[in-house]
K.L.:
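Quick one: the structure is below, questions incoming.
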There are 2 protein chains.
Amino acid sequence: MAQYSSTLDGVFQAVSDPTRRAVLGRLGAGPASIGELAAPFDMALPSFMKHIGYLERSGLIRTRKTGRVRICTLERGTFDLIESWLGEQRSIWEGRTDRLERLVTTGTVDKEIPA
Amino acid sequence: MAQYSSTLDGVFQAVSDPTRRAVLGRLGAGPASIGELAAPFDMALPSFMKHIGYLERSGLIRTRKTGRVRICTLERGTFDLIESWLGEQRSIWEGRTDRLERLVTTGTVDKEIPA
């Protein structure tokens, strides 16, 4: 659970930056080299590599060296963590709605979810 | 578009912290005062208020003062931004799959999505 939480920290941190989201969007269309990924950005390579490092550590992409070129690939499965977290939130909301409905229809309600 | 992007920055930044995610989970069960929200955390109030500030600026919660108590409420609509962004990513992936399918079934493929 602690590990899931710290993975989520890294994933959300990774997608909280517009450059990193643009890289993810590009990689959604297929693998690309660091050079191809960096080309649209007016940014020094070391700065760009920091973004790549963030994405790789979060598990949203992986990179592999092929000769002198490093190729980046999207790890689609990691996006499921975001989807799951959204799903958990919606479950909480629905739990609440269910209790309100029971109150309205039966006049009874079970006790509040503990904080 | 720039505004959508900077809103997304703030939303993802807001949910990248376990305390803030726990607060969102609690508020999913209904509005709560700052005191109620802070109770489970071993954290000084000023630090906790910084988390609340993050959440409020991101649009994920709103707060209103009722007498001497500040009540926080979840803004569920803001979660749709995360959902939309995930949907955009999946559209990109599916676009790619469509092109691969065309290549396999017709032997032709339109040009690569620009980076």
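FYI, side chains are in, hydrogens and waters are out, and symmetry mates aren't considered; it's all heavy atoms of this structure. Proteins get letters first, then strands, A, B, ... in listed order; numbering begins at 1 in each. Note that the structure is a prediction, hence the values are computed from the model and not measured.
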K.L.:
Look at the side-chain heavy atoms of Ile, Leu, Val, Met, Phe, Trp and Tyr, link any pair under 4.5 Å apart, and say whether B/Leu81 and B/Trp85 land in one connected group.
P.N.:
yes
K.L.:
List for me each residue that meets side-chain hydrogen bond (donor to acceptor under 3.5 Å, both in side chains) alongside A/Arg20, sequence neighbours excluded, and say none if there are none.
P.N.:
A/His51
K.L.:
What part of A/Leu86 gets within 4.5 angstrom of chain B, counting heavy atoms only: side chain, backbone, both, or neither?
P.N.:
side chain
K.L.:
Hydrophobic clusters here meaning ILVMFWY residues chained together by side-chain heavy-atom distances under 4.5 Å, can you tell me if B/Phe41 and B/Leu27 are in one?
P.N.:
yes
K.L.:
Compare every heavy atom of A/Arg90 with every heavy atom of B/Asp80, then report the nearest pair and how far apart it is.
P.N.:
OD1-NH2, 3.9 Å
K.L.:
For B/Phe12 and A/Phe12, take the angle between the two ring planes, folded into 0 to 90°, and tell me which bin it lands in: parallel under 30, tilted 30 to 60, perpendicular over 60.
P.N.:
parallel
K.L.:
With hydrophobic residues grouped by side-chain heavy-atom distances under 4.5 Å, do B/Ile34 and B/Tyr54 end up in a single group?
P.N.:
no
K.L.:
Are A/Ile71 and A/Leu60 linked, directly or through other ILVMFWY residues, by side chains that come within less than 4.5 angstrom of each other?
P.N.:
no
K.L.:
Would you say that A/Glu88 contacts B/Arg21 through its side chain, given a criterion of any heavy-atom pair below 4.5 Å between the two side chains?
P.N.:
no
K.L.:
Are A/Tyr4 and B/Val15 connected in the hydrophobic side-chain network, where two residues link if heavy atoms are under 4.5 Å apart?
P.N.:
yes
K.L.:
What part of A/Asp9 is in contact with chain B, defined as an atom under 4.5 angstrom from a non-hydrogen atom: side chain, backbone, both or neither?
P.N.:
both
K.L.:
Less than 4.5 Å to any heavy atom of chain A: does that hold for the side chain of B/Leu37, its backbone, both, or neither?
P.N.:
neither
K.L.:
Using non-hydrogen atoms and a 4.5 Å limit, figure out which bit of B/Gln13 sits close to chain A: side chain, backbone, both or neither.
P.N.:
both
